[in-house]
Colleague: 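Got a structure for you, written out below as structure tokens; questions coming shortly.
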Amino acid sequence: MDSETVEALRRYTLLESPTGDRRSLDTLAAALETDAAHAGFHVDRERHPTGDHLIWTLPARNTDGGPILLLSHYDTVWPVGTLAELPWTVDGDVIRGPGVYDTKAGLAALLTAVRTIAGGPHPELRVIVVADEEIGSPTAGGLVRAEANRATAILGLEPPHPGGDLKTGRRGSTRARITITGVEAHAALDPDTGVSAIDELVDQLTGIRGLVTGRQVLLNTGTVAGGGRTNVVAGHAHADLGLRFLDPVDEEAVLGGLHALHPVRGGATITTELLSHRPTWRPGPAGERLLGRIREIAAGIGQDIGGRPADGAADTNTTGALGRPTVDGLAPRGGGAHARTEWVSAAGITERTALLAALLRHL
């Protein structure tokens, strides 16, 4: 077991960091920045009210290779207090705690790997650690795109496939809000003068189901809210949709359809808002070449690793969709992302630390 890296992971895990909790995120960010500076990085931030994105830079040393961009995040899906129910534990190879797998172990492994290459040749390293990845990185897209355009390789530090294989593509992921404005009225005395936003929303959701029928699209209506009293015709209602795409053509058609929704009822209005958007990342030649090189380097240190597309989304959607050479899943193996069974492998941490160090030397 890599005791130094596991101890860093323990410290990060005990600093709970749910998305949007600015105070908790700042506390963990300070700890991460201290460790990043100790590893040799220059640390900076892009500031946002809901949580700052961390930007770390390590200048190139004795090499002409182009810059490598590494993408990670420090927010988790777990609210403060989860440690009381899902405490930090180490039982043989199994390490548990909120966020250990997704993806604090990846951060711990990266920082150890960077310390191990100190003094040797390596390209410029740029690391972006996003504060709102778990809700689609709504404030980080511009930063990720700008950094991707100057990188010769992009490595994602999200969890791998079960068993440790890497990720070479991802479904597109969009969170959309459909908001209906109706006309309030007394539900018994003047019902015909009202326009129910809830009834309109129900009909629109049925229509949206038809919009995705026959396409390779996953649609989940995650939140529905509206109205207020049973004796008042509802004047407002909204639904939040989660959409996942395999094909950019389907993505364009469905998102275009959402923006073109029109009311069924006179007097109702519809607004479509994209809360977050990650484009479909399909495997391509640049990513395949990068995966091939990673496999060669891994074989050189005795590791056999594969790669294939994944269903989940991350910031590598953005870089892969740009056609930039991107491979994700370089955090340690484990399981139970977003579940109370979340765990990470201690041996996997050692394996990934060694692989990251080799990649940073030889890519």
Side-chain angles (χ1 to χ4, degrees), residues 68-73 77 101-103 105-106 128 130 133-137 140-141 144-145 148 151-175 212 214-220 242-255 276-299 303-339 344 348 351-352 355-356 359 363:
I68 295 175
L69 174 63
L70 298 111
L71 298 174
S72 190
H73 64 93
V77 299
Y101 179 57
D102 187 12
T103 189
I128 300 175
V130 172
E133 191 277 339
E134 293 292 6
I135 59 168
S137 303
V144 170
R145 283 190 293 271
T152 57
I154 296 107
L155 305 178
L157 289 164
E158 289 285 341
H161 287 290
D165 278 354
L166 304 180
K167 298 178 177 181
T168 59
R170 288 184 176 276
R171 283 183 182 263
S173 177
T174 295
R175 294 163 57 242
V212 304
R215 301 182 184 274
Q216 296 184 89
V217 177
L218 299 177
L219 168 63
N220 180 55
L243 294 136
R244 305 281 181 152
F245 304 98
L246 279 175
D247 190 324
V249 174
D250 287 338
E251 181 177 10
E252 182 178 359
V254 172
L255 295 184
S276 65
H277 173 61
R278 286 172 169 154
T280 303
W281 166 28
R282 302 189 74 178
E288 291 299 325
R289 287 192 295 270
L290 177 57
L291 176 64
R293 180 61 181 146
I294 290 172
R295 296 193 69 185
E296 290 177 3
I297 294 170
Q303 295 187 22
D304 182 16
I305 193 167
R308 61 186 187 277
D311 287 334
D315 290 311
T316 45
N317 281 70
T318 299
T319 64
L322 289 171
R324 307 301 298 157
T326 303
V327 170
D328 205 344
L330 281 153
R333 56 188 168 86
H338 298 190
V344 70
E351 293 164 2
R352 277 301 199 258
L355 178 59
L356 286 167
L359 295 178
L363 267 183

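What you see is a predicted model, and the numbers here were worked out from it, not measured in a lab.
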Colleague: Picking from Asp328, Thr168, Thr326, what satisfies side chain to side chain donor-acceptor pair (under 3.5 Å) with Thr316?
Modeller: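 Option passing the side chain to side chain donor-acceptor pair (under 3.5 Å) with Thr316: Asp328.
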Colleague: Mind jotting down which residue pairs meet the side-chain hydrogen bond (donor to acceptor under 3.5 Å, both in side chains) criterion with at least one end in residues 158-167? Sequence neighbours excluded, please.
Modeller: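 For residues 158-167, and leaving out neighbouring residues, the side-chain hydrogen bond (donor to acceptor under 3.5 Å, both in side chains) pairs sorted by first residue read His73-Glu158, Asp165-Arg308.
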Colleague: To the nearest 0.5 Å, what is the distance between NE2 on His338 and CG on Asp102?
Modeller: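 Between atom NE2 of His338 and atom CG of Asp102 there are 4.0 Å.
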Colleague: From Trp281 CH2 over to Thr318 OG1, what is the distance, rounded to the nearest 0.5 angstrom?
Modeller: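 One finds 10.5 Å between CH2 of Trp281 and OG1 of Thr318.
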Colleague: Go through the steps for Glu133 and Thr103 under the test side chain to side chain contact (heavy atoms under 4.5 Å, CB included), then give the verdict.
Modeller: CA-CA 11 Å; Glu133 191 277 339; Thr103 189; over 6 Å; no
Colleague: I'd like a table of donor-acceptor pairs (distance under 3.5 Å, sequence neighbours excluded) in which one partner is a side-chain atom from residues 284-293, with atom names and distances.
Modeller:
unit_1	atom_1	unit_2	atom_2	d
Arg293	NH1	Glu296	OE1	3.0
Arg293	NH2	His362	O	3.2

Colleague: Counting only N and O atoms by type, is there a donor-acceptor contact under 3.5 Å from the side chain of Arg170 to the main-chain atoms of Gly312?
Modeller: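 Here the side-chain-to-backbone pair exists.
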Colleague: How close do Pro159 and Tyr101 get, counting heavy atoms only, and between which atoms?
Modeller: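 Scanning both residues, the minimum pair turns out to be CG-O, 3.1 Å.
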Colleague: Please determine if Arg295 and Asp304 form a salt bridge, counting it only when a charged side-chain N lies under 4.0 Å from a carboxylate O.
Modeller: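 Salt bridge between Arg295 and Asp304, a charged N being under 4.0 Å from a carboxylate O: yes.
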Colleague: Just how far is it from atom CZ of Arg145 to atom CG of Asp315, taken to the nearest 0.5 Å?
Modeller: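 So the CZ of Arg145 and the CG of Asp315 are separated by 10.5 Å.
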Colleague: Give me the atom names and distance for the closest heavy-atom approach of Ala298 to Ile305.
Modeller: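 Scanning both residues, the minimum pair turns out to be CB-CG2, 3.8 Å.
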Colleague: Which is it for Ile294 and Leu155 under the side chain to side chain contact (heavy atoms under 4.5 Å, CB included) test, yes or no, and what are the steps along the way?
Modeller: CA-CA 10 Å; Ile294 290 172; Leu155 305 178; 4.0 Å; yes
Colleague: If the condition is side-chain hydrogen bond (donor to acceptor under 3.5 Å, both in side chains), which residues does Asp247 pass it with, not counting sequence neighbours?
Modeller: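 For Asp247, no residue satisfies side-chain hydrogen bond (donor to acceptor under 3.5 Å, both in side chains) once neighbours in sequence are set aside.
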Colleague: Write down the atom of Arg324, the atom of Ala148, and the distance for their closest heavy-atom approach.
Modeller: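 That closest heavy-atom pairing would be NE-O, 3.1 Å.
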Colleague: For the side chain of Arg352 and the backbone of Leu330, is there at least one donor-acceptor N/O pair under 3.5 Å apart?
Modeller: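 Confirmed, Arg352 side chain pairs with Leu330 backbone.
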Colleague: Shortest non-hydrogen contact from Gln216 to Arg171?
Modeller: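 Heavy atoms only, the tightest pair is O-NH1, 4.0 Å.
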Colleague: Just so I know, are the side chains of Ser276 and Thr174 near enough to count as touching, which here means a heavy-atom distance under 4.5 Å?
Modeller: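 Of all side-chain heavy-atom pairs linking Thr174 with Ser276, none is under 4.5 Å.
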Colleague: What are the two closest heavy atoms between Asn317 and Thr280, and how far apart are they?
Modeller: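 The pair with the smallest heavy-atom distance is ND2-CA, 4.4 Å.
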Colleague: Do Leu356 and Leu157 come within less than 4.5 Å of each other through their side chains, counting heavy atoms only?
Modeller: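 The answer is yes, as the side chains (C-beta and beyond) meet within the 4.5 Å cut-off.
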Colleague: Apply side chain to side chain contact (heavy atoms under 4.5 Å, CB included) to residues Leu243 and Val217 and explain how you reach the verdict.
Modeller: CA-CA 7 Å; Leu243 294 136; Val217 177; 4.1 Å; yes
Colleague: So Thr319 and Val144, do their side chains get closer than 4.5 Å, heavy atoms only?
Modeller: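 SC-SC contact between Val144 and Thr319 confirmed.
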Colleague: Mind checking the CG-CZ spacing from Leu246 to Arg282? Nearest 0.5 Å is all I need.
Modeller: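 Going from CG on Leu246 over to CZ on Arg282, the span is 8.0 Å.
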Colleague: If you look at every heavy atom in Val254 and Phe245, which pair is closest and at what distance?
Modeller: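 Of all heavy-atom pairs spanning Val254 and Phe245, the closest is CB-CE2, 3.8 Å.
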